[in-house]
Structures are given as C-alpha cells and as structure tokens.
Amino acid sequence: MELLRGRIRDYAWGSRTAIAELQGRPVPSSGPEAELWLGAHPGAPATVERDGRPVSLNDLLVAEPGRWLGERLVGRFGTRLPFLLKVLAAEAPLSLQAHPDAEQARAGHAADAGRVNYVDPYHKPELLVALSEFDALCGFRDPAESAAAIGAFGVPALAPVVAALRAGPAGLREAVRLLLSWPQAERPGLVAAMAAAEAGPVPADAALVRMLAGLYPADPGVVVALLLHRVRLAPGEGIWMPAGNLHAYLRGTGVEIMAASDNVLRGGFTPKRVDVDELLRVLRFEVLADPVLRPEAVAPGVVTWPVPVEDFALHRVEVATGSPQARLAVPGPRVVLCRVGKVTVDDGVGAITLGAGQAAVGTAAGGPLVIGGDGEAFVATCGVR
C-alpha cells in the first residue's frame, strides 16, 4: 500500500468546510470544494510519488496493467480503473440528472462520438453513503402521491400534469415530458405560482419548492422534484442510483463510489444543456419503493452496501485500540480512505498508516487487507468476485 493524493474539484455547489475539515486544513477554504477524487479518472487522476515527484495513477495503470489491475480485471475492463471513489460535499443542490445503462452508453458514444451527451462508452451507476445528514431526491415515488402533492399547490396550468399522474405509472413519462417541455416564456410564472402557494401544500413540499424556486426561479425541475422521493439519510445510510434513476443531491457530505464515467443526462437545476428527448429515452419510469440502503455486516467491524454491479464495491471498517484487527479479502486494486482517527493498512506487500483525510492505494498483487489502529476507513474495490 502506498500514499494516494487525491484531487479536489471546485464546483460552485461545493462546501467550504467539509473536505477541509476532513483533511485537517483551515476553514473556510478559499473557494468551494465539492469533491475529493481518489481514483484514476482521466479528468482528475490521483497521484502517487515516484522518485520524489507525483505520478498519475492512470499512467501507472496503463504502464503496468497486469500488476495494478490483475489479468481478470484487464480482461473485463481493459487498462482502466473501473471505479472512482469520492468524498462529495454539497452546500447547494447538484443538477437533476440520470445516467445511461451500459448498452445505451456504448451506442450513444458511438453515435455522437463524445460530442454531445455521451463523452465515453461507459455506464455510471452510483452509490452514496452519508457522512453527515444528507438531503437528496432519488427515484420516482407513487404517481398518486405526486398528483396529490402537485394538485395541492392549486396552480391551474398544472392540471394536465396532475391528470397524467393520476393515470398511474403509465403517466409518469408524460408528466415529466410536459414539465421539462414547458414553454420558456411561461417558466418563471409557473415557478413563482408554486412558490407563492400557502394553504394547500404539505409543509415539507412547500418548503422544498420555495428553496428550489429561490435558486432556480425559471426551472420546471422545481415541479419535477415533487415526483421524486425526498430522502434524508442519517450517517451510514446509503442511496443506490442505477441507470435511468432520476435524482439530485441537495445538501450534505458523503462518500460516493461510482463507475468511472462522465455520462450525465441533465433535467434541471443547472445552466448546462438539458436534452429532454434523450433524458426521456434514458429514464426508467418505475416507482422506487425504498431508495435507502442500510449497511450489512460482513465481519466484526466491517459493513458493506451491496449493489448489483461488477464495477465497484464499498466497505467501511471500524477498528479500535485493543480490539482485533479487521481482515478484508477483497479483489485488488484497493483504494482506502481514512475518515477519522488513525488506521494502519497492510496488504502483505506493504503497510501504511493513514490519518484522517489521507488515502492509500494497493495493487492487485496484494493479499487480503489487514486493518488496525483506532479509527474508521472506507475501502473501495471492484465488485468482480
């Protein structure tokens, strides 16, 4: 195992405290710090030290794929790390978005050669585990509930949307199409009317609409938000976002692991391009019963959040002074992030001690991880068994 230095992304919605506090730096930071990337994504690859200088993890994978990834993973994913581990710190909402499945990504990338919606040929499922209380919108709720919620605002122009939702799941697509295709000139009036409603809406719905309307006063995504589950995660709870799941992070800090892709179809809360037709093609208009994932224990002090993909898996390890070390037999390569305290990680090739906010990486040549010390660490690996 060796020290891995991540890259901070300064997106405007980022926190000025969360990542700095994690790494023990002064707060507030000089600008927004939205994400800490710990992987080999070419957009911001993490680095390791070689001969006194930083070397991109991506370059090391390409130079020695068999050592870093192992022959099985090279055969499955090529010479790239298929996952990206992040710390995500949202002070303001991210865009309303969804991601394509693997087949859609391959076909879309081949069709537009990375120029428009599909910048790479990979899918982008995501798992986020909350480190703080985390507020998000995730997956369609029962259309009857959405119809009642929107109807309670008493906005006559939304009658066709309410009617479509009352038709049940079959009407979800039409409701989303109507909202995202709302005439540009009428959007400010629609959002203002929603924000002004007082007597009818459930207080939580009214508060959500007012918050979003204050940030996006001409965005029909403010109404689309009422079609989705409002999820408030406690620390340790997760949300799983497979292909076609419409979602938006609103506020909070979490550890996110995702397939290494940049393919995003946006639906609102952004000045960036919104391709309504392509988003409608990618979305899965299915009711999501419960978007929250609870951790499952797999060994003393070790939990995971099982997801049905081979690209990644995430474990959390908690160790304490005087307690047995944790042993985790997971396929390499491995990225380990220490969140609190101090932990020692040994893969049989080399051991490293990490403090809060530090990360390490190990190759596929390593054996089972043995983790000791007094703290908490997240371990990112491939999901291939």
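- Thr47 and Ser56 form no side-chain donor-acceptor contact under 3.5 Å, judged by distance and modelled atom types alone.
- Side-chain atoms of Asp120 and Asn263 form a donor-acceptor pair, as typed in the model, at a separation below 3.5 Å.
- In this structure, Arg5 places its CZ atom where only 12 or fewer heavy-atom neighbours from other residues, nucleotides or ligands lie under 6.0 Å away.
- For Ser132 (side chain) and Gly252 (main-chain N/O), no donor-acceptor pair under 3.5 Å exists by modelled atom type.
- Contact of the Pro217 side chain with the Pro188 side chain is not registered, since no non-hydrogen atoms from C-beta on lie closer than 4.5 Å.
- Hydrophobic clustering (ILVMFWY, side-chain heavy atoms < 4.5 Å, transitive): Val155 and Leu208 are in one cluster.
- Looking only at side-chain heavy atoms (C-beta outward), Leu36 and Gln23 come within less than 4.5 Å of each other.
- Tyr11 places a side-chain heavy atom less than 4.5 Å from the side chain of Glu35.
- Between Arg294 and Glu296 there is no salt bridge, since no side-chain nitrogen of the basic residue lies less than 4.0 Å from a carboxylate oxygen of the acidic one.
- Of all heavy-atom pairs spanning Ala206 and Pro201, the tightest one is CB-CB, 4.0 Å.
- In this structure, Tyr249 and Phe134 have perpendicular ring planes: the angle between them is above 60°, well past the 30° mark.
- Considering CG of Leu279 and CD of Gln97, their distance stands at 10.0 Å, rounded to 0.5 Å.
- Side-chain contact between Trp240 and Val309: present, with at least one pair of heavy atoms (C-beta onward) separated by less than 4.5 Å.
- With rounding to the nearest 0.5 angstrom, the CZ atom of Arg9 is 4.5 Å from the CH2 atom of Trp37.
- Remark: the backbone N or O of Val330 is paired with a side-chain donor or acceptor of Arg334 at under 3.5 angstrom.
- Residues Leu158 and Leu228 share a single hydrophobic cluster, defined by chaining ILVMFWY side chains whose heavy atoms lie under 4.5 Å apart.
- The shortest side-chain heavy-atom distance between Phe285 and Val176 falls under the 4.5 Å cut-off.
- A salt bridge is absent between Glu33 and Arg16: the closest approach of a Lys/Arg side-chain nitrogen to an acidic carboxylate oxygen does not fall below 4.0 angstrom.
- Atom CG of residue Leu227 and atom CG of residue Leu165 lie 5.5 Å apart, to the nearest 0.5 angstrom.
- Taking 4.0 Å as the cut-off between side-chain N and carboxylate O, Arg266 and Asp275 do not count as a salt-bridged pair.
- There is no side-chain donor-acceptor pair under 3.5 Å between Tyr118 and Gln104.
- Pro160 is listed as a side-chain neighbour of Leu178, based on a closest heavy-atom distance under 4.5 Å.
- With respect to Lys86 and Glu126, no salt bridge is recorded, no charged nitrogen being found less than 4.0 Å from a carboxylate O.
- Between Pro32 and Gly14 the shortest heavy-atom distance is CB-O, 3.6 Å.
- Apart from Leu288 itself, the hydrophobic cluster it occupies contains nothing, where clustering links Ile, Leu, Val, Met, Phe, Trp and Tyr at side-chain heavy-atom distances under 4.5 Å.
- Of all the heavy atoms in Met1 and Val345, the pair that sits closest is CG-O, 3.9 Å.
- Under a 4.0 Å N-O distance rule, the pair Arg76/Glu310 qualifies as a salt bridge.
- In this structure, Val48 is a member of the same hydrophobic cluster as Leu69, with clusters built from ILVMFWY side-chain heavy atoms closer than 4.5 Å.
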Worksheet item: Would Arg187 and Val222 satisfy side chain to side chain contact (heavy atoms under 4.5 Å, CB included), going step by step from the backbone distance to the final call?
Response: CA-CA 10 Å; Arg187 292 181 176 190; Val222 172; over 6 Å; no
Practice prompt. Using the ring pair (Phe, Tyr, Trp, His ring centres under 6.0 Å) rule, take His229 and His247 through it: C-alpha gap first, then chi angles, then the decisive distance, then the call.
Written response: CA-CA 9 Å; His229 289 281; His247 62 276; over 10 Å; no
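- In this structure, CG on Leu84 lies 8.0 Å from CG on Leu38, to the nearest 0.5 angstrom.
- The side-chain heavy atoms of Cys382 and Asp311, taken from C-beta on, include no pair separated by under 4.5 Å.
- Cluster partners of Val287 are absent, since no Ile, Leu, Val, Met, Phe, Trp or Tyr has side-chain heavy atoms less than 4.5 Å from it.
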Item to complete: Dump the intermediate steps for side chain to side chain contact (heavy atoms under 4.5 Å, CB included) on Gln358 and Leu3, then the final yes or no.
Response: CA-CA 8 Å; Gln358 290 185 311; Leu3 191 66; 4.3 Å; yes
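- In this structure, Leu280 CG and Ser181 OG are separated by 6.5 Å, a value rounded to the nearest 0.5 Å.
- Salt bridge annotation for Lys342-Glu376: absent, with no cationic side-chain nitrogen under 4.0 angstrom from a carboxylate oxygen.
- Residues Leu88 and Ile19 are members of separate hydrophobic clusters, defined by side-chain heavy-atom contacts under 4.5 angstrom among Ile, Leu, Val, Met, Phe, Trp and Tyr.
- Within 6.0 Å of atom CZ in Arg327, 12 or fewer heavy atoms from other residues, nucleotides or ligands are found, so the atom counts as exposed in its surroundings.
- Tyr122 does not carry Arg106 over the face of its six-membered ring by the limits of under 6.0 Å from the centre and within 45° of the normal.
- The closest side-chain heavy-atom distance from Leu314 to Leu85 is below 4.5 Å.
- Asp205 approaches Ala149 most closely through the heavy-atom pair OD2-CB, 3.5 Å.
- Interatomic distance, NZ of Lys124 versus CG of Leu265, reported as 11.0 Å (0.5 Å rounding).
- Other residues, nucleotides and ligands contribute at most 12 non-hydrogen atoms within 6.0 Å of the CD atom of Glu133.
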Item to complete: List the steps, then state whether side chain to side chain contact (heavy atoms under 4.5 Å, CB included) holds for Arg284 with Asn245.
Response: CA-CA 6 Å; Arg284 294 181 180 174; Asn245 177 304; over 6 Å; no
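- For the pair Val319 and Ile371, the tightest heavy-atom approach, listed with the atom from each and the gap, is CG1-O, 3.4 Å.
- The side-chain hydrogen bond (donor to acceptor under 3.5 Å, both in side chains) pairs that include a residue from residues 151-174 are Glu174-Arg177, where partners are two or more places apart or lie in different chains.
- Leu354 and Val370 end up in different hydrophobic clusters when Ile, Leu, Val, Met, Phe, Trp and Tyr side chains are linked at under 4.5 Å.
- Judged purely by atom type and a 3.5 angstrom limit, Trp305 uses its side chain to pair as donor or acceptor with the backbone of Gly236.
- Considering every non-hydrogen atom in both Pro331 and Thr381, the closest pair reads O-CB, 3.6 Å.
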Practice prompt. Check step by step if side chain to side chain contact (heavy atoms under 4.5 Å, CB included) holds for Leu73 and Trp68.
Written response: CA-CA 10 Å; Leu73 263 63; Trp68 278 95; over 6 Å; no
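- At a cut-off of 3.5 Å, with distance as the only test, no side-chain donor of Asn58 or His41 sits close to an acceptor on the other residue.
- At distances below 3.5 Å, not a single donor-acceptor pair connects side-chain atoms of Glu64 with backbone N or O atoms of Leu61.
- Checking side-chain atoms of Asp219 against main-chain N and O of Phe269 turns up a donor-acceptor pair under 3.5 Å.
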